[in-house]
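Right, one structure below, let's go through it.
The first residue of the sequence shown is numbered 1, and numbering continues consecutively from there. Note that the coordinates shown come from a computational prediction; the quantities given were computed from them, not determined experimentally.
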Amino acid sequence: MKLSSRLLPVAASALAVAAAVVVPQALPESAPATGSAVQAEKHDDFVIVGHRGASGYRPEHTLASYELAARMGADFIEPDLVTTKDRVLVARHEPEIGGTTDVANHPEFKDRKKTKQLDGVAVTGWFTEDFTLAELKTLRAVERIPAVRQHNTVFNGHYQIPTFQEVIDLSKRLSKELGRPIGIYPETKHPTYFQQQGLALEPALVRTLNRNGLNRPGAKVFVQSFEVSNLKALHKELRVPLVQLTSSSGAPYDFVVSGDKRTYADIVSAKGLREVATYADGVGPSKDQVIPLDATGKLGKPTALVTDAHKAGLVVHPYTFRVENSFLPADFDSSAVASDSGNLFGEIAAYRKAGIDGLFTDNTDIAVAEEREAK
């Protein structure tokens, strides 16, 4: 596999990364990565991304979630970026925050509730771009999927919405404290949506990376997007690797707006991946694009995606690996209870056998432990 010159330093930096496997609920956010933690040397350049932090154990996109993922051994922490009214990048899964914060309990913001067209779909709720940063900081995060992760609800109301700068500051502090580089893997969320409102994400992203000395070859940074045009624009401004995200259905929204008839399926074709390689360094597919499920819900046979991506010089980081039965293939379920923990070790092993170069996971500790066992 031939890697882009700006990707090589990032891949190489993972070789020496040490990982700590911990009991997640027993680890305070401020605890050092020593004591009872089991140290595991990284044996290759396989990339483990803490998806929205350690979101299997803490409300997603909080500093507590990111810190826990790093202490568990993640190579990268992943903030999804949206913007405030005063153009500050903050970490939220979506611009609509009714399901991830306590905003509905704030009567002073009752009149901010609106219905907007988000990538062509009517969404009702509260949107980050209608709040200043100071206003958002009065809110507190809550668990997004409490029916599946009821244990996370104990942390509801304890954490603020972090800014992108705060996530970077955390990664720098933890890199020093843990003695290994903690990378950042930001995603630009709904870039066309924000561009249409005059609040483009990309200029603030570039400025922030520049200000922190992170827009350079060798910086432990990936930048990702489900859209194409903004990645092509960022390719001209950034010197860090870019990753084209794809889905098992639909098309990039910038394609929809421009009338381009191509879909995500076209993008992950051999021809499509060769085009991706002209502006990006990796592809982040939905995991079922790598190994689809069969009619019984069990893992089928791998597609050609990994082989074709590697031929194009791209790394492959699929999403999202989660321990709960509701997110696992049927052959790795532990019971009929959706929220019970299943065999994530087995699922990750199957995907590693298919040749992936890394993965996004809500359960960093399990991904790190699986890698250690695979030595």
Side-chain angles (χ1 to χ4, degrees), residues 1-11 49 76 78-83 87 89 95 118-120 164 184-210 214-219 221-247 249-286 289 305 308-319 357 360:
M1 175 175 58
K2 181 181 178 182
L3 299 182
S4 152
S5 60
R6 62 178 176 176
L7 181 56
L8 283 169
V10 177
V49 184
F76 292 82
E78 185 227 14
D80 292 342
L81 300 181
V82 296
T83 188
R87 299 178 182 273
L89 295 179
L118 181 60
D119 290 3
F164 184 35
I184 57 169
Y185 207 129
E187 178 188 345
T188 57
K189 295 294 292 192
H190 303 286
T192 293
Y193 169 79
F194 283 112
Q195 289 167 10
Q196 290 171 338
Q197 298 182 79
L199 292 169
L201 304 172
E202 293 78 16
L205 170 62
V206 174
R207 285 196 303 270
T208 304
L209 293 178
N210 284 338
L214 294 174
N215 187 11
R216 56 177 174 79
V221 179
F222 285 95
V223 173
Q224 54 178 329
S225 178
F226 275 102
E227 295 189 15
V228 175
S229 56
N230 76 317
L231 280 184
K232 288 184 174 181
L234 287 170
H235 175 69
K236 300 174 182 178
E237 297 192 63
L238 294 181
R239 302 178 71 195
V240 299
L242 308 180
V243 173
Q244 177 67 65
L245 298 174
T246 64
S247 174
S249 63
Y253 189 62
D254 56 324
F255 280 13
V256 175
V257 170
S258 68
D260 191 320
K261 300 300 183 183
R262 288 176 296 168
T263 65
Y264 285 122
D266 295 314
I267 290 176
V268 298
S269 69
K271 179 181 178 182
L273 290 168
R274 288 194 295 271
E275 180 180 343
V276 170
T278 65
Y279 62 87
D281 307 272
V283 59
S286 172
Q289 292 181 290
L305 190 155
D308 290 340
H310 287 173
K311 286 180 179 178
L314 300 168
V315 294
V316 182
H317 299 164
Y319 65 89
D357 305 289
F360 292 81

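One distance of note links CG of L231 with OG1 of T188; it measures 6.0 Å at 0.5 Å rounding. A distance of 10.5 Å separates CG of L205 from CG of L214, quoted to the nearest 0.5 Å. Here the straight-line distance linking atom CD of Q197 with atom OG1 of T192 works out to 11.5 Å at 0.5 Å rounding. Here D308 contributes atom CG and R274 contributes atom CZ; the two are 8.0 Å apart, rounded to the nearest 0.5 Å. To the nearest 0.5 Å, atoms OH (Y279) and CG (L234) are separated by 11.5 Å. With values rounded to the nearest 0.5 angstrom, S286 atom OG is found 4.5 Å from Y319 atom OH.
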CA sep, side-chain torsions, deciding dist, call: K232, E227, salt bridge (Lys or Arg N to Asp or Glu O under 4.0 Å): CA-CA 9 Å; K232 288 184 174 181; E227 295 189 15; over 6 Å; no
After noting the C-alpha distance and the side-chain angles of I184 and L209, does the key distance pass the side-chain contact (heavy atoms from CB on, under 4.5 Å) rule? CA-CA 11 Å; I184 57 169; L209 293 178; 4.2 Å; yes
Given side-chain contact (heavy atoms from CB on, under 4.5 Å), test V283 with V243 step by step and report yes or no. CA-CA 5 Å; V283 59; V243 173; 5.5 Å; no
Working for side-chain contact (heavy atoms from CB on, under 4.5 Å), residues Y193 and L201: CA-CA 10 Å; Y193 169 79; L201 304 172; over 6 Å; no
Worked verdict on L305 versus V316 for side-chain contact (heavy atoms from CB on, under 4.5 Å): CA-CA 9 Å; L305 190 155; V316 182; 4.0 Å; yes
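Looking at P95 and L118, their side chains come closer than 4.5 Å, going by heavy atoms from C-beta outward. Two residues are said to be in side-chain contact when any heavy atoms from C-beta on lie closer than 4.5 Å; V82 and L89 fail this criterion. Between I267 and P252, the closest side-chain pair of non-hydrogen atoms falls below 4.5 Å.
For the side-chain hydrogen bond (donor to acceptor under 3.5 Å, both in side chains) test with Q224, the passing option among Q244, H317, E78 is E78; the others fail.
In this structure E187 satisfies the salt bridge (Lys or Arg N to Asp or Glu O under 4.0 Å) test together with K189, sequence neighbours excluded.
A donor-acceptor pair shorter than 3.5 Å can be found between the side chains of N230 and S225. Between Q289 and T246, the side chains place a donor N or O and an acceptor N or O closer than 3.5 Å (distance only, hydrogens not considered).
Here the closest heavy-atom approach between residue R239 and residue N215 is recorded as N-OD1, 2.7 Å. When all heavy atoms of P186 and V221 are compared, the closest pair comes out as CD-CG1, 4.3 Å. The two residues E202 and P191 make their nearest non-hydrogen contact at OE2-CB, 3.3 Å. Of all heavy-atom pairs between V276 and G282, the closest is CG1-O, 4.2 Å. Looking at every heavy atom in both residues, R87 comes nearest to T83 through CA-OG1, 3.4 Å. In this structure, L273 and V268 approach most closely via the heavy-atom pair CD1-O, 3.5 Å.
A salt bridge does not link E237 to R207: none of the charged nitrogens lies less than 4.0 Å from a carboxylate oxygen.
Aromatic ring centroids of F76 and F222 lie under 6.0 Å apart. Ring pair F360/Y185: centre-to-centre distance below 6.0 Å.
Of the possible polar contacts, none joining the D357 side chain to the V315 backbone as a donor-acceptor pair under 3.5 Å is found.
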